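One structure below.
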4 protein chains.
Amino acid sequence: MQFIVNPADGLPIYRQIMRQITEAIAAGRLKGGDQLASHRDLSEQLVIAPLTVKKAYDELEALGYISSQRGRGTFVCARQPRVNAVDRREQVQQAARQLLTQAYLAGLKIPEVIEILKKTDRELTQEERK
Amino acid sequence: MQFIVNPADGLPIYRQIMRQITEAIAAGRLKGGDQLASHRDLSEQLVIAPLTVKKAYDELEALGYISSQRGRGTFVCARQPRVNAVDRREQVQQAARQLLTQAYLAGLKIPEVIEILKKTDRELTQEERK
Amino acid sequence: MQFIVNPADGLPIYRQIMRQITEAIAAGRLKGGDQLASHRDLSEQLVIAPLTVKKAYDELEALGYISSQRGRGTFVCARQPRVNAVDRREQVQQAARQLLTQAYLAGLKIPEVIEILKKTDRELTQEERK
Amino acid sequence: MQFIVNPADGLPIYRQIMRQITEAIAAGRLKGGDQLASHRDLSEQLVIAPLTVKKAYDELEALGYISSQRGRGTFVCARQPRVNAVDRREQVQQAARQLLTQAYLAGLKIPEVIEILKKTDRELTQEERK
DNA sequence: GTGGTCTAGACCACC
DNA sequence: GTGGTCTAGACCACG
């Protein structure tokens, strides 16, 4: 799997990595049981400190998305974390609000936003898999 | 206008305030010329340090959303700032990606996401104005 | 609150700290809203690296026991984490099994174990509070 | 005797095996002279590397719980190791502290904890022997 | 090889 | 002052 990080992005590097992994899981490009690159390898690829990648992995593990096994590697969990359904819904709502705010500021109307959403969906789910 | 801040939210408090003001402007609940509460009043209302509100106002002023007028108060600008169209588009895209990620993880399909989006739009634009 | 760490204990230092904090919360010596020492101060007290204390705090935060607030400090959460009741029960069971195993190996009988338990309970809850 | 290992448990696999064997000895389900499965058989049964089982057996042998006899197999020792009484007591104390912490966090009071302890004791000592 | 822990610094953002 | 992030090493434990 390919990662891209941008140290000047505002969002901390470890969160950029977390985001890309959760997006890949959500879109089905990463499936339960898939092995991730070791945090050392990935840190070399991205030219950042190993601990930075490790922190991303650690947080994802605490959230239940992935599982590290000493001496073996790090893997995507088969069962995605059971989050309170209400919390989930709340997060979706908030993401919807943010999208709408950005869209309003860009002068877009609802039909255009829906078009962008569909197009983005196609991109996310059709990206080639490793 | 009502504000809600949550010190444990991860997002800095001053950014929570900025977000709520820009959301309100984007949704049309705040219009050019509307007066904002003074940063002292707002800080008392939210039980936070006055400097925190001031920082939010300062940043919004630097971005061109609002304007402070010595001795009179702080007002929403009539002409909202022109942001680079490409940047705007990029932010919309990113918000769309985040919404889709949250939606996938909640097990929602595109049609359901669109429903939520429409409903949220109605909520955002119909909220009563202060 | 006083902490003691032993680098040669086998248990990682950051887990020793986590254990002492959760014990204190469980026993009521730390209550919701109480402020913890800054990770820098505590690291000086214990003569260890600040990151080590920070890791303990980070994990406790991920578990929902404490909450860090930038610029203000770190505080015990008012509402303890809602863990699945079944998981809770399972953890208690496992702790009970471990205690019994240790007790068997020490040649103790159930009545003696219960005595130790009661005595330990008194120690945990009666330790003077800071 | 049945073993269960969980690679994602945090506790290293070889320690999980060690724990189950010492628990069985402590509870009387394994007695001096009983033969253990060969490390090869056990590794096949648990679908783990033979070296992992071997390490568990090696450590138990070093501690004096079991004894490997070239060409014959591995057996539980008749006389269990004499561990420093103070260390033993210390371990019992620590296990008691952990149990109480988990119990407090689960909202249990001492009488309930004692009930669970008694029930667990019956389960541990009454498990059928292979 | 893998992950797990720890150090001793640094700089930034926030209140 | 507080917490948040990052670096560039080190050594250990595990499979």
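Every value quoted in this text rests on a predicted model; they were computed, and no experiment measured them. Chain letters run A, B, ... following the sequence lines, proteins first, then strands; residues in each count from 1.
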For DNA chain E, just give me the dot-bracket, please: Watson-Crick or G-U, both distances below 3.5 Å, ( ) intra-strand, [ ] crossing earlier pairs, | paired with another strand, . unpaired. ||||||||||||||.

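When all heavy atoms of L63(A) and M18(A) are compared, the pair lying nearest together is CD1-CE, 4.0 Å. In terms of heavy-atom proximity, R70(A) sits nearest to P12(D) at NH2-CG, 3.5 Å.
Here the side chains of Q20(D) and Q2(D) are not in contact, with every heavy-atom distance at 4.5 Å or above. Side-chain contact check for V53(D) versus Y14(D): every heavy-atom pair is 4.5 Å or farther apart. Inter-residue side-chain proximity for L105(B) and R88(A) is flagged as met; some heavy-atom pair is nearer than 4.5 Å. Residues I66(B) and Y57(B) form a side-chain contact, since some pair of their non-hydrogen atoms from C-beta on lies under 4.5 Å apart.
Between E23(B) and R19(B) there is a salt bridge, with a side-chain nitrogen of the basic residue lying less than 4.0 Å from a carboxylate oxygen of the acidic one.
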Trace of the side chain to side chain contact (heavy atoms under 4.5 Å, CB included) decision for T74(C) with Q35(C): CA-CA 6 Å; T74(C) 302; Q35(C) 182 164 9; 6.0 Å; no

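Between G73(C) and G71(A), the residue anchored nearer the 5' end of DNA chain F, judged by the nucleotide with its closest heavy atom, is G73(C). A residue-by-residue look at V47(C) and D58(A) shows that D58(A) has its nearest nucleotide of DNA chain E further toward the 5' end.
Taking 4.0 angstrom as the limit, T74(A) places a side-chain polar atom (N or O) nearer than this to OP1 or OP2 of dG3(E). Residue K55(D) places none of its side-chain N or O atoms closer than 4.0 Å to OP1 or OP2 of dG15(F). Contact between the side-chain N/O atoms of H39(A) and the OP1/OP2 oxygens of dT2(E) is not found at any separation under 4.0 Å. Note on S68(A): every side-chain N or O is 4.0 Å or more away from OP1 and OP2 of dG3(E). The side chain of T52(C) places an N or O atom within less than 4.0 Å of a non-bridging phosphate oxygen (OP1 or OP2) of dT7(E).
Across the protein-nucleic acid pair, E61(A) atom CD and dT2(E) atom P stand 17 Å apart, rounded to whole Å. To the nearest angstrom, P of dG3(E) lies 12 Å from CZ of R70(A). In this entry the distance linking NZ of K54(A) with P of dT7(F) reads 15 Å, nearest Å. Rounded to whole Å, the distance from CZ on F75(A) to C1' on dG15(F) is 11 Å. Atom pair Y57(C):OH and dT5(F):C1' shows a separation of 18 Å (rounding to whole Å applied). To the nearest angstrom, P of dC6(E) lies 11 Å from CD of E59(C). To the nearest angstrom, C1' of dT7(E) lies 15 Å from CG of L46(C). Rounded to a whole Å, the CZ atom of R72(C) is 16 Å from the C1' atom of dG4(F).
We find the CG-CD1 distance between L60(B) and I17(B) to be 9.5 Å, quoted to the nearest 0.5 Å. The distance from atom CG of D87(B) to atom CD of E90(B), rounded to the nearest 0.5 Å, is 8.0 Å.
At least one donor-acceptor pair under 3.5 Å links the side chain of T101(D) to the backbone N or O of R97(D).
Counted within 6.0 Å of CG on L51(D), heavy atoms from surrounding residues, nucleotides or ligands total 12 or fewer; the atom is thus considered open.
Taking every heavy atom of residues 4-15 of chain B and every atom of DNA chain E, pairs under 4.0 Å involve P12(B), I13(B), Y14(B), by number.
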Filtered N/O pairs between nucleotides 8-10 of chain F and protein, under 3.5 Å:
none

